Amino acid sequence: MKNKIVSLLQKAFSSCVRKGILPEIELPSPEVEVPNNPEHGDYASNIALILAKPARQNPRKIAEAIKDNINDTENIIETMEIAGPGFFNFRLKDNVWQNALQIISEQGKDYGCSAVGAGKKVQVEFVSANPTGPLHIGHARGAVVGDVVAGLLQKTGYDVDREYYINDAGNQMNNLGKSVLFRYREKLGEKIEFPETCYRGEYIKDIAADIINKKGNKYLTQNEEETIQYFNTIAGESILAEIKDDLRDFGVTFDVYFSEKELYKNDGVTKLLQKLQKEGFIYSDGATLWFKTTAFGDEKDRVVIRKNGEPTYFAADIAYHKNKFERGYDMVIDIWGADHHGYMPRLWAGIQALGHSREALKIVLVQLVNLLRAGEPVAMSTRSGEFVTLREVLDEVGRDAARYNFLMRRSDSHLDFDLEVAKRQSNENPVYYVQYAHARICSILKMARERGISLPGFSAVDRSLLSQPEEKAIIKMLVMYPAMIEGAAKALEPHRVTFYLNELAGIFHSYYNKNKVISEDAALTAARIYLIESVKIVLFNALTILGVSAPDKM
RNA sequence: GCGCCCAUGGCUCAGCUGGAUAGAGCGCCAGACUACGAAUCUGGAUGUCGCAAGUUCGAAUCUUGCUGGGCGCACCA
């Protein structure tokens with residue numbers, strides 16, 4: 001719809017140029033948007049204002065010229081006015097809107113999909129928590145944001161893979177094995193002083209107990225190094241399995257779990273560093289190897305091989321991103337906690353040294369979550385093992401409410417997550433407001449069926465009966481849906497979907513309270529059923545992208 | 001000290017990449033079920049968009065400075 005207006009304007013502009021009314025200048029992409037003041041019509045454009053400067057003419061004069069040259073072959077424009085300093089205000093014919101509904105029921109579950117991604121391969125990497133403990137509330141937001149970003153990209157035609165990077169090669173894994181060993185000994189009667197670096201959560205005890213159950217006390221006497229290695233593996237696998245379960249129940253599944261260890265096979269990291277050194281991106285100061293990230297705008301150069309000969313996390317990360325691009329992705333998206341923002345220039349430097357453009361790697365920052373219970377902060381301490389796990393949140397507030405709440409703000413803004421509010425089934429909780437709209441429609445449709453009213457198809461409906469302002473508002477909102485999805489995908493901003501849903505549910509509820517869908521008037525009933533079915537389709541599609549259920553009844 | 005992010009009604013936040021009179025929700029006040037689901041709806045009040053300059057036809061949005069908050073500034077991950 002919007003595209004048609006854009007195209008009309010572009011053609012009018014060209015013919016102005018052809019006729020010599022306007023100079024031959026590049027047409028900046030004209031913006032056509034839905035004005036927030038309905039008096040300004042259905043669509044508005046600032047094309048004349050944008051052209052005023054390069055064309056060196058009065059914007060209103062340009063507007064007049066373009067207006068005279070608009071050739072509305074499809075006959076969709078009702079009125080076209082020039083207002084204010086030179087805005088175009090378009091009002092479309094009612095039947096244009098009414099007929100636009102057809103595409104919604106035709107496309108059904110596919111309504112809102114587009115092909116702007118054109119099959120390009122994209123990878124979204126997110127969560128990527130170390131398998132040293134269960135996922136907690138802090139991971140949950142990143143998990144949902146990543147999942148929905150991926151979903152949006154899929155809807156817009158990208159070929160998307162969701163990937164989880166398992167940091168299982170660093171020394172935190174060693175600490176994990178040690179922690180289990182300490183608990184193991186403790187359970188078998190030893191008195192243990194726990195060092196700061198150890199993980200103290202209950203889950204460590206469970207793993208230790210499990211080992212005792214299955215293997216007894218034989219590790220008390222075995223070689224400590226080997227035992228720690230072994231416990232690492234056991235604990236890592238067990239925790240990762242639990243993480244996968246939690247994520248699955250949260251509605252998040254991955255296509256690929258990529259182990260950091262993979263990067264070190266065949267000396268992969270070392271060889272890559274040697275190559276980069278040959279190319280001049282890495283230099284040695286005798287004891288350590290430095291990556292020249294300042295060449296790409298970083299504040300200071302960064303160490304890749306430590307004095308002790310161990311590669312840094314950054315070194316592995318360069319190799320990891322090289323690996324990603326080698327797998328043929330056109331675009332790679334990392335979802336990070338906002339506390340890692342200082343790391344961005346470093347990684348961008350890394351991929352540029354590998355020959356990729358900075359734009360090939362997009363990084364979405366997700367702010368940390370402020371966990372509250374009834375307004376009071378909930379203490380979170382990872383070290384002591386006191387934290388609210390994702391599992392607990394799922395059990396307490398449920399998947400739908402949890403996911404929706406994490407999507408109610410831009411991801412780079414702080415989010416208060418109140419457990420009491422999130423589980424309250426009231427109007428403080430927008431997820432129910434939206435779901436209720438869907439359930440309500442289902443209920444009306446069910447009643448219609450029970451009364452023997454058939455659900456009409458497009459051709460069986462007199463669309464012109466949908467003539468009320470509220471009906472037109474709903475139709476416009478529904479027509480806008482694909483553009484909203486496209487915009488959200490392009491900007492990597494899932495929160496736009498929740499805002500859209502709240503608004504759509506709002507105008508529907510309002511409409512419902514004012515008008516009877518099912519009435520004595522058969523033709524009107526058919527038209528309205530057709531309309532609310534369209535609303536249902538869009539509610540369902542949008543909720544599905546968010547991974548939130550669209551219940552038939554509540 | 002340096003860098004990044006943020007500052008919008010009493011509270012929590014949007015504001016579609018520079019557009020027309022800045023919007024929601026919550027809370028508050030007053031109303032609506034013998035009507036397809038009241039988890040709903042209708043009406044009402046609240047703003048120097050942190051402060052000050054600048055850019056232009058036009059700024060909450062872009063630039064600079066200041067104030068106030070968050071986060072980073074590892075040979076941790």
Side-chain angles (χ1 to χ4, degrees), chain A residues 31 33-37 39-40 44-46 49-50 52-53 58-60 83-87 89 128-130 132 167 169-173 197 260 287-290 298-300 302-314 316-317 337-345 365 367-368 408-410 412-416 418 421 424-433 435-437 439-448 450-451 480 483-484 487-488 490-491 493 495-496 498-500 502-503 505-506 508-519 525 528-529 532 553-554:
Chain A
E31 285 187 24
E33 47 187 34
V34 180
N36 30 25
N37 185 341
E39 284 176 23
H40 293 144
S45 175
N46 61 354
L49 295 165
I50 291 180
K53 202 174 196 181
N58 181 308
R60 282 199 75 106
F87 286 105
N89 292 336
S128 299
N130 303 339
T132 54
N167 295 139
N171 56 16
Q172 83 272 8
M173 287 305 283
T197 52
E260 186 182 357
T288 63
L289 282 188
W290 295 79
D298 197 7
E299 290 175 352
K300 48 175 281 197
R302 308 291 175 175
V303 171
V304 282
I305 297 288
R306 295 189 271 252
K307 212 179 284 177
N308 67 6
E310 295 282 321
T312 58
Y313 178 85
F314 176 47
D317 219 11
D339 52 339
H340 288 73
H341 65 81
Y343 190 77
M344 291 165 49
L365 295 180
Q367 270 294 354
L368 305 184
M408 287 194 312
R409 306 211 187 320
R410 319 173 46 99
D412 60 357
S413 117
H414 291 273
L415 170 71
D416 289 339
D418 194 310
V421 174
R424 208 174 293 158
Q425 304 200 356
S426 75
N427 51 2
E428 286 166 82
N429 210 343
V431 63
Y432 298 113
Y433 184 76
Q435 289 183 319
Y436 185 60
R440 208 172 212 181
I441 292 171
C442 291
S443 172
I444 300 169
L445 295 176
K446 185 171 164 233
M447 169 143 301
E450 283 166 4
R451 294 193 189 170
M480 236 164 77
M484 182 280 297
K490 195 176 162 199
E493 290 184 351
H495 75 278
R496 292 193 194 185
T498 53
F499 278 89
Y500 174 88
N502 276 309
E503 200 176 330
F508 167 73
H509 283 310
S510 172
Y511 173 70
Y512 168 90
N513 273 275
K514 217 179 213 174
N515 303 90
K516 290 276 286 179
V517 172
I518 298 171
S519 67
T525 300
R528 289 185 171 169
I529 285 180
I532 66 166
K553 59 183 173 191
M554 296 170 64

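Treat the numbers as computed from the prediction; the structure is a model and nothing was measured.
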Whole-Å gap separating [atom2] ([N]) and [atom1] ([X]):
X: E33(A); N: U17(B); atom1: CD; atom2: P; answer: 7 Å
X: Y511(A); N: C36(B); atom1: OH; atom2: P; answer: 16 Å
X: Y433(A); N: A39(B); atom1: OH; atom2: C1'; answer: 11 Å
X: R496(A); N: G23(B); atom1: CZ; atom2: P; answer: 19 Å
X: H40(A); N: A20(B); atom1: NE2; atom2: P; answer: 9 Å
X: K516(A); N: C41(B); atom1: NZ; atom2: C1'; answer: 15 Å
X: N308(A); N: C75(B); atom1: CG; atom2: P; answer: 12 Å
X: K514(A); N: A35(B); atom1: NZ; atom2: P; answer: 19 Å

Counting side-chain heavy atoms from C-beta on, which of [options] comes nearest to [X]?
X: F87(A); options: G19(B), A77(B), G37(B); value: G19(B)
X: S413(A); options: A20(B), C41(B), C13(B); value: C13(B)
X: Y343(A); options: U42(B), A20(B), A77(B); value: A77(B)
X: I444(A); options: A77(B), U40(B), C36(B); value: C36(B)
X: A491(A); options: U17(B), U40(B), A77(B); value: U17(B)
X: N513(A); options: A38(B), A77(B), C41(B); value: C41(B)
X: N130(A); options: C75(B), A77(B), A39(B); value: A77(B)
X: L49(A); options: U17(B), C57(B), G70(B); value: C57(B)
X: P85(A); options: C75(B), C13(B), C57(B); value: C57(B)

Provide the closest heavy-atom pair for [X] versus [Y] in the form atom of the first, atom of the second, distance.
X: E260(A); Y: A316(A); value: OE2-CB, 3.7 Å
X: P35(A); Y: A44(A); value: CD-N, 3.9 Å
X: A83(A); Y: N89(A); value: CB-ND2, 3.5 Å

Separation of the [atom1] atoms in [N] and [M], to the nearest angstrom:
N: G9(B); M: A45(B); atom1: C1'; answer: 10 Å
N: A60(B); M: A7(B); atom1: P; answer: 14 Å
N: U67(B); M: A74(B); atom1: C1'; answer: 31 Å
N: C13(B); M: C73(B); atom1: P; answer: 25 Å
N: U48(B); M: C5(B); atom1: P; answer: 27 Å
N: G15(B); M: C28(B); atom1: C1'; answer: 25 Å
N: G54(B); M: A59(B); atom1: C1'; answer: 11 Å
N: G65(B); M: G43(B); atom1: P; answer: 47 Å

At 4.0 Å (heavy atoms only), tell me whether [X] reaches a base, stays on the sugar-phosphate, or touches nothing.
X: S443(A); answer: base
X: A287(A); answer: nothing
X: F499(A); answer: sugar-phosphate
X: K553(A); answer: base
X: N515(A); answer: base
X: M447(A); answer: sugar-phosphate
X: A448(A); answer: nothing

Looking at [X], does any N or O in its side chain come under 4.0 Å of the phosphate oxygens OP1/OP2 on [N]?
X: Y432(A); N: A39(B); value: no
X: H495(A); N: G15(B); value: yes
X: Y500(A); N: A14(B); value: no
X: T312(A); N: A77(B); value: no

>> Checking one value: the base orientation of C29(B), syn if chi is within 90 degrees of 0, otherwise anti.
In response: anti

> Can you check U42(B) for me, syn or anti if syn means within 90° of 0?
Replying inline: anti

> Are the side chain of S519(A) and the backbone of T525(A) linked by a donor-acceptor contact shorter than 3.5 Å?
Replying inline: no

>> For H495(A), is there any backbone N or O sitting under 3.5 Å from a side-chain donor or acceptor partner on R410(A)?
In response: no

> Between H340(A) and G72(B), do the rings stack, that is, sit under 5.5 Å apart with planes less than 30° off each other?
Replying inline: no

> Quick one: does L365(A)'s side chain get under 4.5 Å of M344(A)'s, heavy atoms only?
Replying inline: yes

> Mind checking whether H40(A) and F87(A) have side chains closer than 4.5 Å, heavy atoms only?
Replying inline: no

>> Any donor-acceptor pair, under 3.5 Å, between the side chain of N46(A) and the base of G19(B), if you only look at N and O atoms?
In response: yes

> What about N89(A): does its side chain form a donor-acceptor pair under 3.5 Å with the base of A20(B)?
Replying inline: yes

> Stem ranges for RNA chain B, with three or more consecutive Watson-Crick or G-U pairs under 3.5 Å?
Replying inline: B:1-5 with B:69-73, B:10-13 with B:23-26, B:28-32 with B:40-44, B:50-54 with B:62-66

> Taking everything shown except E450(A) itself, do over 12 heavy atoms lie less than 6.0 Å from its CD?
Replying inline: yes

>> Over 60° means perpendicular and under 30° means parallel, so tell me whether Y511(A) and F508(A) are parallel, tilted or perpendicular.
In response: tilted

Pairs under 3.5 Å (N/O, protein and nucleotides 1-7 of chain B):
{"unit_1": "G3(B)", "atom_1": "O4'", "unit_2": "E299(A)", "atom_2": "OE2", "d": "3.2"}
{"unit_1": "G3(B)", "atom_1": "N2", "unit_2": "H341(A)", "atom_2": "NE2", "d": "3.3"}

